[in-house]
Every structure is written in C-alpha cells, then in structure tokens.
Amino acid sequence: MQGTEPSDSELLRIALEATKNSYAPYSRIQVGAALLTESGKVFTGCNVENSSYGLSICAERVAVFNAINSGERKFKKIAVINSEGKGMIPCGACRQVLAEFSEDIEVITLDSNNRIVKYKLSELLPHAFRLGEG
Ligand code: THU
C-alpha cells in the first residue's frame, strides 16, 4: 500500500478484515478498525474482551496503540465496522484517545442504510480533555 492512499471504502474493507481477529466471547460483537496515518500506512485493531469485563478494549484503541508502537503519531482517518458489516461509532473513551493525537481525524463508518458516513472527531468530541486547559 505505497503511493496511493486507500479510499474510504477500502479502509472499511480493511477494518472488516480486522474483525476476524476480534476476541469477543462475551458481547459477541466483533469490531475492526483501520487507521490511516499521515504517512500513508494503515494500522488495524480489533476489540479484545476479558472475563473481567472492564478490562476489555475497543478496536479503535488497539489500532491507535498498534500505530504508536510502530512510531506513528499523526493520523488522518479511522474506519470502524463490525463483523456483520454494520457501522460502529467510537465510544467516548476511544474519542478521547483519538483526540490525544488529532482533533481533525476523520471517522468513517456506515449509517443504518449502509451508506458511508464521515465525521470529524471535533464533531464527535468537542472540548476534549487536555491537561492544563479549563
Ligand atoms: N466496541 C468497539 O470495539 N468499538 C466501538 O466503537 C464500540 C464498542 C467493542 C467493545 C466491546 O468488546 C464490544 O464492542 C461491545 O461493546
């Protein structure tokens, strides 16, 4: 994937592929995320649940941490979907984690009519928490 940037539908397809690694025996909702960096790389994530439910982590945060672990910190887009091909919107915790790295990241998912829908993170999480800001 060098040179051409993946389209929004391609990013959703990569996110769908990532649902295959989801570990979600409790909710049975398998989620995948595909995160496009400013440098044009794509990092994926899936949700990972735990029998101590609160320790579970969403696909979006796994994708972000996966990218950070590889030295990438600037993100352009994130696509999120579940294994049934239904759109998912990042939870509040994931929005805050995304905001750490980019307020303007585009969140790509599908609406209830299966049409691609995009949001700016600043729309989904206005006034994100920042240390030292009131
Ligand atoms: N989940 C995600 O991975 N991403 C979202 O955008 C919302 C929820 C996961 C968490 C949990 O494993 C399951 O979906 C049900 O909430």
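Predicted model, so just to flag it, every value in this text is computed and none were measured. In listed order, ligands and their atoms are each counted from 1.
We find that K120 and E123 are not joined by a salt bridge, their nearest charged nitrogen and carboxylate oxygen being 4.0 Å or further apart. Taking the charged nitrogens against the carboxylate oxygens, K41 and E72 do have a contact shorter than 4.0 Å, which makes a salt bridge.
Closest protein heavy atom to atom 9 (C) of ligand 1: N47 ND2, 3.6 Å. At the top of the distance list for atom 12 (O) of ligand 1, counting protein heavy atoms only, stands E49 OE2, 2.5 Å. Nearest protein neighbour of atom 7 (C) of ligand 1, counting heavy atoms only, is M88 CE, 3.9 Å. Among protein heavy atoms, atom 6 (O) of ligand 1 sits closest to E60 OE2, 2.5 Å.
Considering backbone and side-chain N/O of S56, none are found under 3.5 Å from N/O of ligand 1.
Distance alone, capped at 3.5 Å, is enough to place a donor-acceptor pair between the N47 side chain and the I29 backbone.
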Start with the C-alpha distance between I78 and I108, add both sets of side-chain angles, then the distance that settles side chain to side chain contact (heavy atoms under 4.5 Å, CB included), and finish with yes or no.
-> CA-CA 6 Å; I78 187 165; I108 300 158; over 6 Å; no
Can L121 and E103 be said to form a side chain to side chain contact (heavy atoms under 4.5 Å, CB included), step by step?
-> CA-CA 6 Å; L121 181 62; E103 272 185 17; 5.5 Å; no
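Residue V31 has at least one heavy-atom neighbour below 4.0 Å for each of these atoms of ligand 1: 1 (N), 2 (C), 3 (O), 4 (N), 9 (C), 14 (O).
Within a 4.0 Å radius of atom 16 (O) of ligand 1, the protein contributes no non-hydrogen atoms.
With hydrophobic clusters built from ILVMFWY side chains whose heavy atoms lie under 4.5 angstrom apart, L110 shares a cluster with I14.
Within 6.0 Å of CZ on R73 lie no more than 12 heavy atoms contributed by other residues, nucleotides or ligands.
By heavy-atom distance, the residue among P25, A59, P90, S22 lying nearest atom 3 (O) of ligand 1 is A59. Closest heavy-atom approach to atom 13 (C) of ligand 1 within the set S27, G87, C58, A33: this belongs to S27.
Residue I89 touches ligand 1 through its backbone alone, judged by heavy-atom distances below 4.0 Å.
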